[in-house]
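Computed over heavy atoms, backbone and side chain alike; hydrogens, waters and symmetry mates excluded. All chains are named by letter (A, B, ...) in the order of the sequence lines, taking the proteins before the strands, and each is independently numbered beginning at 1.
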Amino acid sequence: MNFKDFIEDLNWRGMIHDIMPGTEEQLKKEMTVAYIGFDPTSDSLHVGSFAQIMLLKRFQLAGHKPIALVGGATGMIGDPSGKSQERNLLDEATLNKNLEGIKAQLSKFLDFDSDIPNKAEMVNNYDWMKNYTFLEFIRDIGKHITVNYMMSKDSVKKRLGEESKQGMSFTEFTYQLVQGYDFLYLNEHKNCKLQMGGSDQWGNITTGTELIRRKNGGEAYAITIPLVTKADGGKFGKTESGNVWLDSEKTTPYSFYQFWLNTSDEDANKYIKIFTLIDPQEIETLIEQHSKEPHMRILQKRLAEELTVMVHSKKDLENAIEASKILFGKGTTESLAKLDEKTFLSVFEGVPQFELSKEKIINGLGIVDLLAGEVNVFPSKGELRRLIQGGGLSLNNAKIENADVKVASTDLLNNKYLLVQKGKKDKYLIIIK
RNA sequence: GGGGAGAUACCAAAGUGGCCAACUGGGGCAGACUGUAAAUCUGCUGGCUGAUGCCUUCGUAGGUUCGAAUCCUGCUCUCCCCA
């Protein structure tokens, strides 16, 4: 790829929501510097940021220079565009830790190190905001943007509208100006001419381009990508257990793999374009194959494979596939019992584990007391009972029919494990010591 | 500063003295069907207890009452309008 077809490729992938006139010409003209902002509220990114990461990666692959900005300053304020509540100020130590974590993750995708002219950079807006006084800021920056202009942004209008119950603090109102200043700063110091981001950022980004134009008469451009959605209307990137993180400590490679494998057909068609680097021709072929035999779930498998390798490793992928086969294959209690211990443990690496001492069950223990008492697999006994009544609980791949069932040492797999399953997908391992 | 409206479970939203652990919708969880998909249908969705019973909950603190989410008082917070 080169910088000529960057926009064309994005278009094909359905990754352009809005683009400012002149952007394409600028990108064709020369190597261009662009930035995307990331939120440093955690030391890891999650899949919600993934589309943006891939956007930066494609940008670098196309020969341009990407900057990843972490919002140490803006992260404290809270963007009214999101539903985000007022944020807490992060102390500098936490911020630095988060920054390092995020950089390490981005390094898997972007080239920060080599000598290429378009190597990636990471910046933190806290560095240039922390010593900027309020007075200086409103004099140098605030002067160039009218309140009328700021009020016309959707994010602001929504919060001022009658149906809004929230109101908006001055701090939140100022957000677009602070973010706009980031763009101006990068424009002045790094020759950055383009800001990219999610579609909800359009208003904030254009405040930046406007600021650059009015203050310096400079050129600046914008591209936003559509919000990644799910066909069923749910939030992308969440599971019952919370965010899907890129950090293997927070989301195991197995869970990560499972997350993508569970993508619906409709979404898989979109996601494979957005989240992988597979070229258009091959994707067309995959989609066609998939529509012929949807039960094979070709798209989901490929999506999960590509991403697990990219975010984790080939080895992690193999383990995840192996574990998935055993956990979701036509396993019975017997076939589980046949697994040798080593395989068994490696399969369950990504599954939540609990420990219990052997004395507790040697004389038999009610299943409810076990799972919601001795071991906190479930937080409440009532909930567990309801689950059993609804037929949603299995032990060692066999359905538990009623809540009076007792578990004894004869139920142990390999003489020391119990496999608990809630519903179709959630597995838990109890290790008897 | 003046006037008005309001605060109910994850969210939205009913309830205005006992029939309220609280209508309904969304979300979530589970079951059936399937392909670990979608759609659809069904059940569950404060805690403890075997389905009876008990305990804690309707912003917060008190009060009236046999009895309060519902009435009264103080407090906190939110929104709207006028200055």
Side-chain angles (χ1 to χ4, degrees), chain A residues 80 82-86 157-170 172-173 229-244 252 254-272 286-287 289-305 308 320-331 347 350-351 366-369 371-373 376-395 397-406 419-428:
Chain A
K83 283 144 217 142
S84 36
Q85 297 298 305
E86 215 69 60
K157 273 197 285 193
K158 220 176 280 172
R159 293 287 291 274
L160 294 176
E162 293 218 357
E163 70 281 9
S164 164
K165 294 183 170 177
Q166 267 251 291
M168 177 171 60
S169 69
F170 177 72
E172 288 174 292
F173 178 62
T229 54
K230 291 206 300 184
D232 64 10
K235 270 196 201 109
F236 169 76
K238 299 252 185 195
T239 64
E240 313 84 77
S241 39
N243 281 329
V244 178
T252 61
Y254 164 78
S255 309
F256 185 83
Y257 175 83
Q258 281 289 326
F259 169 75
W260 294 104
L261 196 65
N262 277 301
T263 306
S264 70
D265 289 359
E266 204 176 322
D267 290 333
N269 281 316
K270 286 190 313 188
Y271 293 175
I272 196 141
L286 287 170
I287 290 178
Q289 275 180 2
H290 180 265
S291 66
K292 275 186 199 146
E293 31 184 17
H295 60 282
M296 298 303 289
R297 294 188 298 144
I298 292 165
L299 285 176
Q300 284 92 336
K301 281 181 186 161
R302 186 63 189 274
L303 189 62
E305 283 167 15
T308 306
I321 292 177
E322 189 56 30
S324 299
K325 264 189 203 156
I326 293 171
L327 290 172
F328 290 101
K330 298 243 171 355
V347 162
V351 172
I367 184 109
V368 171
D369 291 325
L371 298 178
N376 279 322
V377 180
F378 298 95
S380 115
K381 292 186 177 178
E383 183 190 317
L384 178 55
R385 278 210 182 82
R386 284 193 295 269
L387 187 71
I388 293 174
Q389 276 158 13
L393 186 81
S394 298
L395 183 69
N397 278 355
K399 191 166 276 189
I400 298 295
E401 303 291 346
N402 74 71
D404 299 327
V405 170
K406 289 233 189 306
L419 175 63
V420 180
Q421 179 178 345
K422 172 193 164 216
K424 291 191 175 101
K425 296 172 196 167
D426 294 335
K427 319 265 186 178
Y428 307 90

**Study point:** Pairwise P distance, B:rG28 and B:rC33 [rounded to whole Å]
**Key:** 22 Å

Check your understanding: Yes or no on side chain to side chain contact (heavy atoms under 4.5 Å, CB included) for A:L393 and A:F378, after CA distance, side-chain angles and deciding distance?
Key -> CA-CA 11 Å; A:L393 186 81; A:F378 298 95; 3.8 Å; yes

Check your understanding: In terms of ring plane angle, is the pair A:W260 and A:F236 parallel, tilted or perpendicular, where the classes change at 30° and 60°?
Key -> tilted

Check your understanding: For B:rC71, what is the paired nucleotide under Watson-Crick or G-U wobble rules, both distances under 3.5 Å?
Key -> B:rG63

Practice item. Just call it for A:Q300: base, sugar-phosphate, or nothing, with non-hydrogen atoms closer than 4.0 Å on any strand. Key: base

Exercise for review: Nearest whole angstrom, please: distance from the C1' of B:rU36 to the OH of A:Y257.
Suggested key: 10 Å

**Study point:** Distance, C1' atom - from B:rG47 to B:rA22, rounded to whole angstrom
**Key:** 16 Å

Practice item. Please determine if A:D369 and A:K381 form a salt bridge, counting it only when a charged side-chain N lies under 4.0 Å from a carboxylate O. Key: yes

**Study point:** Rounded distance (Å) that lies between atom C1' of B:rC29 and atom CZ of A:F378
**Key:** 11 Å

Check your understanding: Hey, does the Lys NZ or Arg CZ of A:K230 hover above the aromatic six-ring of A:Y271, less than 6.0 Å from the centre and inside 45° of the axis?
Key -> no

Point to revise | Under-4.0 Å side-chain N/O to phosphate OP1/OP2 contact, A:K230 with B:rG27 | key: no

Review point. Within this structure, what is the NZ-to-P distance between A:K301 and B:rU36, rounded to whole angstrom?
Key: 9 Å

Point to revise | Rounded distance in Å - CG (A:D426) to P (B:rG28) | key: 14 Å

Exercise for review: Starting at NE2 of A:H290, measure out to NE2 of A:H295 and round the result to the nearest 0.5 Å.
Suggested key: 10.0 Å

Practice item. Working to the nearest 0.5 Å, report the span between CD1 of A:I400 and CD of A:Q389. Key: 13.5 Å

Exercise for review: Mind checking A:L261 for me? I need base, sugar-phosphate or nothing, with any heavy atom below 4.0 Å counting as a touch.
Suggested key: base

Point to revise | For atom CG of A:L384 and atom C1' of B:rA51, their distance in whole Å | key: 16 Å

Practice item. Starting at CG of A:N262, measure out to CG of A:L303 and round the result to the nearest 0.5 Å. Key: 11.5 Å

Point to revise | Heavy-atom donor-acceptor pair, A:D404 side-chain to B:rG50 base, under 3.5 Å | key: no

Check your understanding: Does CD belonging to A:E266 count more than 12 external heavy atoms closer than 6.0 Å?
Key -> no

Check your understanding: C1' atom, B:rU64 versus B:rU73: distance in rounded Å?
Key -> 10 Å

Check your understanding: Between B:rU36, B:rG35, B:rG47, which nucleotide gets closest to the side-chain atoms of A:H295?
Key -> B:rG35

**Study point:** Residue matched to B:rA5 through Watson-Crick or wobble contacts both under 3.5 angstrom
**Key:** B:rU78

Study note, to complete from the structure: Assert: residue with more 5' nearest nucleotide on RNA chain B, out of A:E266 and A:R297, is A:R297

Point to revise | Side chain A:Q421, main chain A:K424, donor-acceptor under 3.5 Å | key: yes

Study note, to complete from the structure: Re B:rA83: Watson-Crick or G-U wobble partner, both distances kept under 3.5 Å, found to be none

**Study point:** P-based separation of B:rU45 from B:rU24 [nearest Å]
**Key:** 12 Å

Close N/O contacts between protein and nucleotides 31-34 of chain B (under 3.5 Å):
unit_1	atom_1	unit_2	atom_2	d
B:rG31	O4'	A:G390	O	3.1
B:rC33	N4	A:K424	NZ	3.3
B:rU34	O4	A:K424	NZ	3.2

Review point. Distance between the P atoms of B:rU70 and B:rG59, in whole angstroms?
Key: 8 Å

**Study point:** Proximity to the side chain of A:K381 - top-ranked nucleotide from B:rC48, B:rU36, B:rA37
**Key:** B:rC48

Practice item. Determine the Euclidean distance between corresponding C1' atoms of B:rA14 and B:rG25; express it in Å to zero decimal places. Key: 11 Å

Point to revise | For atom CD1 of A:I388 and atom C1' of B:rA30, their distance in whole Å | key: 12 Å

Practice item. Describe the nucleic acid contact of A:E383 in one word from base, sugar-phosphate, nothing, applying a heavy-atom distance below 4.0 Å. Key: nothing

**Study point:** Any donor-acceptor N/O pair, A:D267 side chain to A:A231 backbone, under 3.5 Å
**Key:** yes

Point to revise | Assigned partner base of B:rC10, Watson-Crick or wobble definition, under 3.5 Å | key: B:rG26

Check your understanding: If you pin A:S324 and A:G382 to their nearest nucleotides in RNA chain B, which one's is more 5'?
Key -> A:S324

Check your understanding: Would you say A:L419 and A:L395 make side-chain contact, with heavy atoms under 4.5 Å?
Key -> no

Point to revise | Residues in salt bridge (charged side-chain N to carboxylate O under 4.0 Å, His left out) contact with A:R302, at least two apart in sequence or another chain | key: A:E282, A:E306

Practice item. Using atom CD of A:Q389 as one end and atom P of B:rU45 as the other, report the distance to the nearest whole Å. Key: 10 Å

Practice item. State the pairing partner of B:rG46; accept Watson-Crick or G-U wobble contacts with both distances under 3.5 Å, and report none otherwise. Key: B:rC55

Point to revise | Rounded P spacing from B:rG15 to B:rA51 in Å | key: 33 Å

Point to revise | Nearest-Å distance once atom C1' is located in both B:rU52 and B:rA32 | key: 30 Å

Practice item. Starting at the 5' end of nucleotides 39-44 of chain B, put B wherever the base has a protein heavy atom under 4.0 Å, S where only the sugar-phosphate does, and a dash everywhere else. Key: S----S

Review point. Can you check the A:L303 CG to B:rG35 P distance for me, whole Å?
Key: 21 Å

